[in-house]
Amino acid sequence: MATNPTTKKPAADTAAEESIEAVTETAPARPARKPAPDPDVVGPALPLGVEPVAVTLAHHHTIDGADYPPGAKLLVSPDYAHRLRGQGYATA
């Protein structure tokens with residue numbers, strides 16, 4: 001029967017060699033989300049000459065770091081409104 005000629009240290013010895021320093025640093029706090037702004041046009045920018053479309057959110061959604069609860073009425077570009085409706089986020 002063949003034997004293994006490698007000389008690996010056992011896992012317990014390897015762990016003992018590593019520093020035993022206690023970790024006292026805390027993770028940086030997550031930045032606070034900004035509240036939903038007044039009904040301005042949100043999402044992608046409007047192309048020139050295009051009027052915004054009003055939508056009502058069916059689900060909670062975050063756009064540009066701002067939280068919008070279900071039922072929030074937003075003004076968005078027609079293309080973005082189409083995408084929101086297609087994904088089920090907007091009802092009207």
Exercise for the section: Examine distances only and state if a side-chain atom of Thr56 and a backbone atom of Thr91 form a donor-acceptor pair shorter than 3.5 Å. Expected result: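 A pair under 3.5 Å: no.
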Exercise for the section: List in chain and number order the residues that pass side chain to side chain contact (heavy atoms under 4.5 Å, CB included) with Pro44, two or more places apart in sequence or in another chain; answer none if no residue qualifies. Expected result: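 Residues passing side chain to side chain contact (heavy atoms under 4.5 Å, CB included) with Pro44: Tyr80, Arg83.
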Considering non-hydrogen atoms only, spot the tightest contact between [X] and [Y] and give its length.
{"X": "Asp64", "Y": "Gly43", "result": "OD2-N, 3.7 Å"}
{"X": "Arg85", "Y": "Ala54", "result": "NH2-O, 3.9 Å"}
{"X": "Gly88", "Y": "His59", "result": "O-CD2, 3.0 Å"}

Exercise for the section: Report the distance from atom CD1 of Ile63 to atom OH of Tyr89, rounding to the nearest 0.5 Å. Expected result: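 Rounded to the nearest 0.5 Å, the CD1-OH separation comes out at 10.0 Å.
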Exercise for the section: Applying side-chain contact (heavy atoms from CB on, under 4.5 Å) between Ser77 and each of Val53, Leu46, Val50, report the one that passes. Expected result: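 Exactly one option meets the side-chain contact (heavy atoms from CB on, under 4.5 Å) with Ser77, and it is Leu46.
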Problem - Sub-4.5 Å side-chain heavy-atom contact between His61 and Leu84 - result: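 Yes; the side chains approach each other to less than 4.5 Å.
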